[in-house]
2 protein chains.
Amino acid sequence: MTKIQAGKSRASGRITLAMVAQRAGVATMTASRAISQPDMVSQALRDRVQQAVDELGYVPNRAARALASSQSKVIAVLVPSLSNAVFTEVLAGIQDALDADDYQILIGNTRYSDREEEKLIATYLQSNPDGMLLSGLTHSPRVQQILAANRMPVVSMMDMSADPERLSVGFSQFQAGHAMTRYLLDKGHKRIGFIGAQLDERTLRRAEGYRKAMVDAGLADIKLEVMVGEPSTIALGAELLGRMLAQAPDCDAIFCCNDDLAHGAIYQCQRRGIAVPSQLAVCGFNDLPASAWMNPSLTTIGTPRYRIGFEAATLLRSVIKGEQPAHRQIDLGFTLMARESA
Amino acid sequence: MTKIQAGKSRASGRITLAMVAQRAGVATMTASRAISQPDMVSQALRDRVQQAVDELGYVPNRAARALASSQSKVIAVLVPSLSNAVFTEVLAGIQDALDADDYQILIGNTRYSDREEEKLIATYLQSNPDGMLLSGLTHSPRVQQILAANRMPVVSMMDMSADPERLSVGFSQFQAGHAMTRYLLDKGHKRIGFIGAQLDERTLRRAEGYRKAMVDAGLADIKLEVMVGEPSTIALGAELLGRMLAQAPDCDAIFCCNDDLAHGAIYQCQRRGIAVPSQLAVCGFNDLPASAWMNPSLTTIGTPRYRIGFEAATLLRSVIKGEQPAHRQIDLGFTLMARESA
DNA sequence: CTGAAAGCGCTTACAG
DNA sequence: CTGAAAGCGCTTACAG
């Protein structure tokens with residue numbers, strides 16, 4: 001008979017597996033098996049243990065399980081922002097993909113900072129996660145070293161990696177930036193401006209796509225670029241619209257690196273009496289909910305955020321299970337949504 | 001000398017405290033103290049242990065610590081939505097408040113479902129959280145019972161509780177709904193409609209505030225209410241604007257229970273050629289970033305989301321530490337933002 | 001199908 | 001200021 005209450009108790013006061021086992025009249029490890037691997041146990045025993053669990057209100061202690069099994073059942077997810085709807089939709093996809101699997105999801109907000117990312121990863125390592133879902137392709141040397149040293153399964157989200165070994169789920173930010181610029185060129189625009197903020201890697205890749213299209217068309221002009229490091233907001237979009245027009249007054253179209261900036265640019269045009277799109281075409285990136293509804297509706301790039309999260313989590317789970325994935329890179333593509341604003 | 005490698009090893013392969021201690025030439029528990037309670041240890045020892053930690057790249061195992069100390073350093077946070085900017089700002093406040101304290105934050109999305117909330121709480125209990133931050137005042141009997149049985153410190157966010165014992169941080173949803181309606185009445189509107197969606201407890205409280213003001217003014221009319229259980233979106237706001245006008249064609253103002261619905265209503269007015277506010281006043285609730293920028297700018301209620309998260313987390317932390325809080329209820333108030341739309 | 005023993009990596013009393 | 005022992009609550013081999 002297991003001794004259940006020690007004298008100078010350090011016990012937590014919670015119901016333990018040992019108590020459940022005693023109540024069911026079995027060994028602790030038998031109770032453990034009845035709960036964790038019910039198939040390896042007789043029906044009668046399963047029922048007996050389950051009854052004891054219910055009567056006692058037993059809740060397994062995850063820390064003890066993690067320690068004994070050296071399997072944390074934790075997945076860490078790092079996103080650069082929680083105020084950006086793009087990433088909350090990614091998170092929704094991740095949660096739906098992992099829902100049934102008893103994974104604990106640790107959500108970290110790096111705030112677009114490498115230092116924050118390092119700190120979060122270092123902290124999450126204490127929880128010994130089974131794998132990580134990271135946003136973006138580029139990470140600080142320190143992060144790369146930590147990840148390599150721990151042989152942590154990692155799936156990168158949002159962009160496609162050039163490295164075929166790397167697990168990544170997303171779409172080509174470069175191609176999307178290129179496609180939107182081509183669309184504007186095909187509409188006859190010649191002085192197409194690019195407004196970029198935050199200057200995270202995705203914005204930079206979109207800008208590269210824009211530049212490639214402009215160079216190939218023989219229309220590149222550095223005056224047509226407004227790039228700032230501040231976070232993208234509607235207010236900033238309004239401000240940068242002004243800066244662009246000051247810098248390139250003959251600008252006939254503006255490609256904003258995301259919808260927030262584009263919304264701000266359009267609202268500012270309305271306040272200044274600039275007709276969109278007849279005087280100035282404006283387009284964005286991501287297709288946020290408001291973009292289809294505002295007046296004029298916004299021409300933008302639709303991106304598969306939810307699916308990125310879902311597929312990335314599914315891929316990570318299969319890798320954690322030791323499976324060899326059919327594809328290490330999953331390109332989910334993008335959709336150009338041609339609407340009224342451009 | 002501690003035996004470091006057993007034969008049939010179940011070891012995780014990670015660096016352990018015992019290895020650090022051996023390298024530093026001290027006992028394991030001395031190393032533990034040097035790390036966790038550096039003040040209780042000599043400077044020389046502290047340095048020696050720190051050096052061993054650095055050389056070995058030691059990362060403490062959180063599961064082991066939690067198990068041994070029966071302190072998880074986990075705080076669980078439940079919000080009804082991650083796609084709603086209101087709650088992501090609450091989360092930002094929570095994270096900032098808890099940042100320095102080595103707390104692991106578990107973020108759960110209940111999707112406005114009591115069943116989901118029950119499931120998440122049951123799951124989080126496995127991690128033995130030190131406390132919980134819950135959204136809203138009303139919870140299912142099962143949740144209440146679980147929380148009581150575990151004597152879990154809980155702080156409720158978003159609304160003010162009528163129960164003085166209950167820890168809550170927010171503002172009065174009822175008063176805010178009442179204030180906005182009074183504002184419209186004072187502007188001379190008589191046929192003021194209310195559009196409510198999701199019908200979560202906050203929306204219902206706002207509606208009660210609306211009704212009180214209308215009844216007191218002798219202007220209440222059930223025809224002026226459109227209430228649906230679907231999630232609030234811009235698209236739904238556009239649709240419900242139509243339903244309201246069909247149901248109460250003489251309606252001269254509409255109070256939408258949140259900004260998303262109000263945005264949709266205004267966009268729809270623009271499409272139908274209804275002038276806002278001259279033909280129809282429209283106002284919202286929450287003051288999302290777009291509300292100040294759109295044309296017309298939106299009259300709405302500014303709510304202290306970030307501060308709610310920050311103060312709620314601060315309060316919870318003090319309660320976890322065993323402190324007796326000066327105030328169990330923290331009313332952060334709201335601000336009526338009078339703009340162009342109403 | 002079931003169980004006695006050992007161990008996961010830490011921290012908590014208790015001594016010295 | 002430092003340490004030997006025991007224990008947190010589970011699971012992993014290994015037997016039977």
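Any value given below was found using the heavy atoms of this structure, including those in side chains, with hydrogens, waters and symmetry copies removed. Lettering of chains follows the sequences in order, A, B, ..., and the numbering in each one begins at 1.
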Are more than 12 heavy atoms, taken from residues, nucleotides or ligands other than A:Arg115, located less than 6.0 Å from that residue's CZ atom? no
Can you tell me the pairing partner of C:dA4 across any strand shown, Watson-Crick or G-U wobble, with both distances under 3.5 angstrom? none
Hey, does the side chain of A:Ser32 come within less than 4.0 Å of D:dC10's phosphate (OP1/OP2), counting only N and O? no
If I take atom CG in residue B:Leu17 and atom C1' in nucleotide C:dT12, what distance separates them, rounded to the nearest angstrom? 14 Å
Main chain of A:Gly136, side chain of A:Asp159: is a donor-acceptor contact present, judged purely on distance under 3.5 Å? no
Between A:Thr28 and C:dG3, is there a side-chain N or O to OP1/OP2 distance below 4.0 Å? no
Atom pair distance, as rounded to whole Å: CZ in A:Arg46 and C1' in C:dC1: 12 Å
Across all strands shown, which nucleotide pairs with D:dA13 by Watson-Crick or G-U wobble geometry, both distances under 3.5 Å? none
Could you tell me the separation between the CE atom of B:Met152 and the CG atom of B:Leu125, rounded to the nearest 0.5 Å? 5.0 Å
Rounded to whole angstrom units, what separation is found between the CE atom of A:Met29 and the P atom of D:dG16? 15 Å
Residues in contact with DNA chain C, drawn from residues 57-76 of chain A - heavy-atom cutoff 4.0 Å: A:Leu67, A:Ala68
Set of side-chain contact (heavy atoms from CB on, under 4.5 Å) partners for A:Gln126, sequence neighbours left out: B:Val59, B:Pro60, B:Arg62, B:Asp102
Can you tell me how far apart CD (B:Glu201) and NE2 (B:His139) are? Round to the nearest 0.5 Å. 6.5 Å
At 4.0 Å (heavy atoms only), tell me whether B:Arg33 reaches a base, stays on the sugar-phosphate, or touches nothing. base
A:Asp39 has an atom CG; how far is it from atom C1' of C:dT2, in whole Å? 16 Å
Taking all non-hydrogen atoms of both residues into account, name the closest pair between B:Ile146 and B:Asn150 and its distance. O-ND2, 2.7 Å
Once you round it to whole Å, what is the distance between C1' of D:dC1 and CG of B:Asp47? 15 Å
side-chain N/O B:Thr30 vs D:dG3 OP1/OP2, d < 4.0 Å: yes
Tell me: CE of A:Met19 to C1' of D:dG9, nearest whole Å? 10 Å
What are the two closest non-hydrogen atoms of B:Ile320 and B:Tyr103, and how far apart are they? CG2-OH, 3.7 Å
Rounded off to whole Å, could you give me the CZ-to-P distance for the A:Arg48 and C:dC1 pair? 15 Å
Measure the distance from CD1 on A:Ile15 to C1' on D:dG9 and round it to the nearest whole Å. 13 Å
